[in-house]
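Here is the structure we will look at.
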Number of protein chains: 2
Amino acid sequence: MPPILAPLCAVFRRYLKSASLRYTGERADVLATVMEADGLFDADSLLMDMHNAGKEVSKATVYRTLRLLQDAGIVTPFMLLDAKVTHYQLVYGRDPCDYMVCVQTGELVPLQCDEVVMLRERLALEHGWTTVGHRFVIYGTSPQAASAASRDLSSQ
Amino acid sequence: MPPILAPLCAVFRRYLKSASLRYTGERADVLATVMEADGLFDADSLLMDMHNAGKEVSKATVYRTLRLLQDAGIVTPFMLLDAKVTHYQLVYGRDPCDYMVCVQTGELVPLQCDEVVMLRERLALEHGWTTVGHRFVIYGTSPQAASAASRDLSSQ
DNA sequence: GTCGGTGCAAATGCTTTGCATTGAT
DNA sequence: ATCAATGCAAAGCATTTGCACCGAC
């Protein structure tokens with residue numbers, strides 16, 4: 001069990017208590033699966049992961065719990081280019097939350113880059129804002145996709 | 001008429017021709033309204049803008065044309081935090097495409113910052129990727145929202 | 001025991017699509 | 001004249017919600 005698991009669970013329980021909501025087995029299961037999803041997922045993949053782990057929860061509960069996790073500041077919604085469904089990202093206690101996405105293969109590379117946060121803070125300060133987060137996604141072509149494309153070309 | 005109008009229209013026509021598609025009055029109206037929307041909009045607001053300008057187009061055509069504009073590289077879809085609908089952003093020939101969004105008021109501030117592009121290119125290069133674009137959004141609280149909040153507190 | 005939670009199925013609402021008609025080339 | 005575009009209404013589909021039963025506190 002990674003060391004982050006206990007604190008995150010505590011954060012969620014604290015939030016639920018503050019809102020007079022209950023910490024149920026289903027909510028615990030969803031949170032645990034979110035943490036194992038390693039950052040980025042959608043409602044459906046989460047539901048499948050839970051099913052594969054033998055944790056059966058209804059779709060409605062997944063959506064309801066994702067909303068709570070969002071309110072608790074644990075995840076944020078996230079829309080990939082061309083995706084039709086909302087993706088979620090685990091943000092609490094996590095750096096980085098930046099990604100590079102391949103527009104051809106869908107490949108996703110997390111980026112570790114403090115400069116994004118620094119840039120964000122500097123820009124916000126210049127306008128007198130205070131920040132609560134940011135989203136930085138680079139769209140591009142991965143080396144694999146590029147070489148696959150050139151293979152396709154030369155084989156014609 | 002801003003100087004960008006003619007070129008953008010030409011870009012669209014070129015794209016349509018290359019795909020054996022037709023440049024119709026409806027598509028011209030949609031593009032013109034997109035350009036006047038000054039960057040960020042959704043399908044519904046676009047439809048209203050067109051109605052207010054006396055340009056009647058069906059909702060289906062708006063969606064279909066937005067898809068074409070996306071394929072032509074003129075706009076990209078864009079999901080604001082908590083928004084339920086897809087927003088679109090005019091990207092062709094436009095810098096900046098970065099924003100700061102107030103999570104309380106929805107206020108939107110476009111950011112002019114070359115460093116984002118530089119950072120993007122450097123990160124992509126480090127991984128051997130080539131980029132086609134990026135998305136950078138800062139979520140925060142604007143000075144107005146912050147002062148409104150403190151007023152609310154002191155009046156209680 | 002009291003509310004809040006859950007699952008189910010139905011509803012919602014954005015977006016897409018089938019089809020007959022219209023229009024650009 | 002051809003073949004794509006349009007408008008309309010219906011369909012799709014992710015997400016939300018109403019309700020009866022269940023479970024955390």
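No hydrogens, no waters, no symmetry mates; every other heavy atom, side chains included, goes into these values.
For B/R13 and C/dT25, the CZ to C1' distance is 12 Å, given to the nearest whole Å. As a whole-Å value, the separation of B/L46 CG from C/dT15 C1' is 15 Å. Between the CG atom of B/D71 and the P atom of C/dT16 there is a distance of 11 Å, rounded to whole Å. The distance from atom CE of A/M48 to atom P of D/dA14 is 12 Å, rounded to the nearest whole Å. Here D/dT6 presents its P atom at 12 Å from CG of B/L66, a figure rounded to the nearest Å. In this entry the distance linking CG of B/L47 with P of C/dT16 reads 14 Å, nearest Å. Here C/dT25 presents its C1' atom at 15 Å from OH of B/Y23, a figure rounded to the nearest Å. Between A/K59 atom NZ and C/dT6 atom P the separation is 17 Å, expressed in whole Å.
Nearer the 5' end of DNA chain C, as judged by each residue's closest nucleotide, is the contact made by B/Y88, out of B/E26 and B/Y88. Nearest-nucleotide assignment on DNA chain C puts the 5′-proximal partner with A/V62, out of B/G25 and A/V62.
When every heavy atom of B/T65 is checked against every heavy atom of B/V30, the shortest pair comes out as CG2-CG1, 3.6 Å. The shortest heavy-atom contact between B/T131 and B/A124 is CG2-CB, 3.3 Å.
Side-chain nitrogen and oxygen atoms of A/T61 include at least one within less than 4.0 Å of the OP1 or OP2 phosphate oxygen of C/dG7. For the pair A/T24 and C/dT6, the criterion of a side-chain N or O lying under 4.0 Å from OP1 or OP2 is met. Phosphate proximity of D/dA14 to A/T86: absent, as no side-chain N or O sits under 4.0 Å from OP1 or OP2. Taking side-chain N and O atoms only, B/R67 has a distance below 4.0 Å to OP1 or OP2 of C/dT16. Side-chain N/O atoms of B/R27 include one lying less than 4.0 angstrom from OP1 or OP2 on D/dT6. Close to C/dT16, at under 4.0 Å from its OP1 or OP2, lies no side-chain N or O of B/Y63.
Using a 3.5 Å distance cut-off with no hydrogens or angles, the side chains of B/R27 and B/T61 do not pair a donor with an acceptor.
Using modelled atom types, no side-chain atom of B/S45 and backbone atom of B/F41 make a donor-acceptor pair closer than 3.5 Å.
A donor and an acceptor atom never sit less than 3.5 Å apart when one is taken from the side chain of A/R64 and the other from the base of C/dG4.
Of the candidate nucleotides D/dT15, D/dA4, C/dT16, C/dT16 has the atom lying nearest to any side-chain atom of A/K84. Checking C/dG7, D/dA4, C/dG4 against every side-chain atom of B/R22, the shortest atom distance belongs to D/dA4.
At a threshold of 4.5 Å between non-hydrogen side-chain atoms, the residues A/K55 and A/E26 do not count as touching.
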